[in-house]
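Quantities reported herein were computed from a predicted structural model and do not represent experimental measurements.
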Amino acid sequence: MPRAASVERVAIIGLGLIGSSVARAIAARLPDTVVTGHDASAEVRDEARALGLCNTIADDPVVAVAGADLVILAVPVGRMADAAAAIAPGLRADAIISDVGSSKAGVADALAKTLPDHVVIPAHPVAGTENSGPAAGFATLFEGRWCIVTPAADAPGDAVAALTAFWEALGAKVDVMDAAHHDMVLAVTSHLPHLIAYTIVGTASELEEVTESEVIKYSAGGFRDFTRIAASDPVMWRDVFLANKDAVLATLQRFNEDLTVLQQAIRRGDAAKLEDWFTRTRAIRRSIIEQGQDDAAPDFGRKH
């Protein structure tokens with residue numbers, strides 16, 4: 001099994017979908033690495049113990065991070081500063097502090113301010129499901145997926161290399177980019193799609209009375225996919241939209257402009273415009289499949 005350079009003891013703060021998947025992936029791919037976990041919820045800690053997620057589940061966050069080479073904060077982005085403050089007294093001076101949040105500029109700023117004397121290297125494994133909780137995680141979640149690392153300009157090169165090696169050891173492909181650029185990219189590829197999904201499902205809910213429950217009864221594939229996305233953790237996504245509001249609002253404005261163009265094309269009966277738009281967007285879907293980021297099997301690879 002590969003070993004991530006310089007990382008022998010890992011502490012995971014937050015044992016939901018991503019945190020528990022990190023723990024499982026370490027057990028599967030880095031079995032000699034010692035893992036300590038902590039979650040603010042006693043109920044989640046008990047569940048994590050029952051599942052055997054980590055070598056140790058600590059009730060105290062300070063105890064959880066003691067001796068760790070790498071600390072991963074797997075909490076909603078709105079709680080990053082509080083989580084960092086809670087672990088601060090137990091951190092080794094040379095520990096690497098990272099996270100898994102899907103917005104990065106705000107997290108980087110919060111962690112740098114809360115832990116000014118420590119090495120902070122934010123990261124975002126671009127992987128997940130609509131499920132949440134310790135039981136939802138699985139060891140292969142990161143295999144073949146991208147993990148984006150967003151170090152500050154003055155981050156130690158050896159620490160960036162160690163974090164990169166760690167995620168690669170878990171099966172991820174790693175890219176490094178500026179935090180602000182990350183937030184704009186993810187606003188397009190993740191945050192706006194979730195916002196649209198929440199909106200469409202909410203609209204359908206309001207139409208239920210008008211259609212006498214036929215919206216749910218006759219849900220087609222497209223609507224089912226929207227409901228899957230809209231089933232994601234509401235607290236996590238609340239924090240994501242607030243933390244990355246500038247990039248989300250800029251992307252939403254562009255989306256509204258494009259939506260207006262399509263609205264006009266439909267009203268005018270502009271078949272050529274609609275076909276051209278749909279042809280270009282189908283090519284994007286095919287590119288995603290070609291790059292191994294989704295399944296080309298019928299019904300998106302669902303098992304029936």
Side-chain angles (χ1 to χ4, degrees), residues 1 3-4 6-101 107 111 114-115 118 120-125 127-129 131-143 147 162-163 166-167 169-172 232-233 235-236 239:
M1 287 288 183
R3 171 175 288 282
S6 304
V7 174
E8 298 181 355
R9 298 181 67 87
V10 177
I12 304 171
I13 308 300
L15 297 171
L17 168 66
I18 302 298
S20 66
S21 292
V22 172
R24 286 182 170 92
I26 293 172
R29 301 177 68 98
L30 298 168
D32 295 330
T33 300
V34 178
V35 182
T36 302
H38 169 78
D39 195 280
S41 165
E43 182 179 351
V44 170
R45 295 197 300 271
D46 289 342
E47 185 177 355
R49 288 190 184 99
L51 292 168
L53 283 182
C54 305
N55 298 97
T56 304
I57 301 293
D59 291 325
D60 186 333
V62 172
V63 173
V65 301
D69 305 306
L70 171 63
V71 178
I72 298 176
L73 300 176
V75 302
V77 292
R79 290 172 45 202
M80 288 291 178
D82 290 341
I87 65 173
L91 292 171
R92 271 177 32 187
D94 59 345
I96 300 170
I97 292 73
S98 190
D99 76 304
V100 295
V107 167
L111 294 183
T114 308
L115 303 170
H118 291 278
V120 174
I121 305 177
H124 175 208
T129 73
N131 301 313
S132 58
F138 50 98
T140 58
L141 179 62
F142 311 110
E143 291 183 5
C147 180
L163 184 63
F166 171 78
W167 280 108
L170 299 192
S232 301
D233 187 338
V235 173
M236 181 187 78
D239 288 354

Chemist: To the nearest 0.5 angstrom, please state how far the CZ atom of Phe166 sits from the SG atom of Cys147.
Modeler: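 It is 9.0 Å, given to the nearest 0.5 Å.
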Chemist: Determine, stepwise, if the pair Val100 / Leu73 fulfils side chain to side chain contact (heavy atoms under 4.5 Å, CB included).
Modeler: CA-CA 7 Å; Val100 295; Leu73 300 176; over 6 Å; no
Chemist: Strictly by salt bridge (Lys or Arg N to Asp or Glu O under 4.0 Å), give each pair with a member in residues 71-94 just once, sequence neighbours left out.
Modeler: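 For residues 71-94, and leaving out neighbouring residues, the salt bridge (Lys or Arg N to Asp or Glu O under 4.0 Å) pairs sorted by first residue read Asp69-Arg92, Arg92-Asp94.
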Chemist: Restricting to side-chain contact (heavy atoms from CB on, under 4.5 Å), what partner residues turn up for Ala81, sequence neighbours left out?
Modeler: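 Ala81 satisfies side-chain contact (heavy atoms from CB on, under 4.5 Å) with Ala110, Thr114 only.
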Chemist: Quick one: ring pair (Phe, Tyr, Trp, His ring centres under 6.0 Å) partners of His124, sequence neighbours excluded?
Modeler: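 Residues passing ring pair (Phe, Tyr, Trp, His ring centres under 6.0 Å) with His124: His182.
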Chemist: Find out whether Val10 and Val34 are in side-chain contact, i.e. whether some heavy atom of one side chain is under 4.5 Å from a heavy atom of the other.
Modeler: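 Not touching, per the 4.5 Å side-chain cut-off.
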Chemist: For Ser41, check side-chain contact (heavy atoms from CB on, under 4.5 Å) against everything at least two apart and list the hits.
Modeler: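 Checked Ser41 against side-chain contact (heavy atoms from CB on, under 4.5 Å); matches are Asp39, Glu43, Val44.
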Chemist: If we only count heavy atoms from C-beta on, is the Ile57 to Asp46 side-chain gap below 4.5 Å?
Modeler: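 With C-beta onward as the side chain, the pair stays apart.
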Chemist: If every non-hydrogen atom of Val35 is compared with every non-hydrogen atom of Cys54, which pair is closest and at what distance?
Modeler: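 Heavy atoms of Val35 and Cys54 come nearest at O-CB, 3.4 Å.
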Chemist: Between Val71 and Ile87, is the side chain to side chain contact (heavy atoms under 4.5 Å, CB included) condition met? List the steps.
Modeler: CA-CA 9 Å; Val71 178; Ile87 65 173; 3.8 Å; yes
Chemist: I'd like to check the side-chain hydrogen bond (donor to acceptor under 3.5 Å, both in side chains) partners of Asp99; sequence neighbours left out, ordered by chain and number.
Modeler: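 Counting only residues at least two positions away or on another chain, Asp99 forms a side-chain hydrogen bond (donor to acceptor under 3.5 Å, both in side chains) with Lys104.
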Chemist: What closest approach, in Å, do Gly78 and Asp239 show between heavy atoms, and which atom pair accounts for it?
Modeler: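 It is N-OD2, 3.3 Å.
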Chemist: Less than 4.5 Å apart, any side-chain heavy atom of Leu170 and any of Leu30?
Modeler: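 Contact flag for Leu170/Leu30 side chains = yes.
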Chemist: For Ala64, check side-chain contact (heavy atoms from CB on, under 4.5 Å) against everything at least two apart and list the hits.
Modeler: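 side-chain contact (heavy atoms from CB on, under 4.5 Å) check on Ala64 returns Ile13, Thr36, His38, Ala58.
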Chemist: Can you check whether Ile97 reaches Leu91 side chain to side chain, under 4.5 Å on heavy atoms?
Modeler: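 In contact.
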Chemist: Determine which pairs satisfy side chain to side chain donor-acceptor pair (under 3.5 Å) with at least one residue from residues 57-67, sequence neighbours left out, and list them in order.
Modeler: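 Qualifying pairs: Arg45-Asp59, Arg49-Asp59.
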Chemist: What residues, two or more places apart in sequence or in another chain, satisfy side-chain hydrogen bond (donor to acceptor under 3.5 Å, both in side chains) together with Asn55?
Modeler: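 Asn55 satisfies side-chain hydrogen bond (donor to acceptor under 3.5 Å, both in side chains) with no other residue.
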Chemist: In Å, rounded to the nearest 0.5 Å, how long is the span from CG of Leu70 to CZ of Arg9?
Modeler: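 Answer for the CG-CZ pair, Leu70 versus Arg9, is 12.5 Å.
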Chemist: Return a table of donor-acceptor pairs under 3.5 angstrom between the side chains of residues 132-141 and protein atoms on other chains or two or more places apart.
Modeler:
none

Chemist: Measure across Pro89 and Ala86 and return the closest heavy-atom pair with its distance rounded to 0.1 Å.
Modeler: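 For Pro89 and Ala86, the tightest heavy-atom pair comes out as CD-O, 3.7 Å.
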Chemist: Compare every heavy atom of Ala162 with every heavy atom of Ile96, then report the nearest pair and how far apart it is.
Modeler: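 In this case the closest contact between Ile96 and Ala162 is CD1-CB, 4.0 Å.
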Chemist: Using the salt bridge (Lys or Arg N to Asp or Glu O under 4.0 Å) rule, collect all pairs that involve residues 11-25, keeping only residues at least two apart or in two chains.
Modeler: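 Residue pairs passing salt bridge (Lys or Arg N to Asp or Glu O under 4.0 Å), neighbours aside: none found.
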Chemist: What's the shortest heavy-atom distance between Ile121 and Ser98, and which atoms?
Modeler: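 Here Ile121 and Ser98 meet closest at O-OG, 2.6 Å.
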Chemist: For Val75 and Gly14, work out which heavy atoms get closest and say how close.
Modeler: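 Heavy-atom minimum between the residues: CG1-CA, 4.2 Å.
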Chemist: Less than 4.5 Å apart, any side-chain heavy atom of Val22 and any of Phe142?
Modeler: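 In contact.
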Chemist: Test of understanding: with side-chain contact (heavy atoms from CB on, under 4.5 Å), list the residues that count as partners of Ala88, not counting sequence neighbours.
Modeler: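 Only Leu115 meet the side-chain contact (heavy atoms from CB on, under 4.5 Å) criterion with Ala88.
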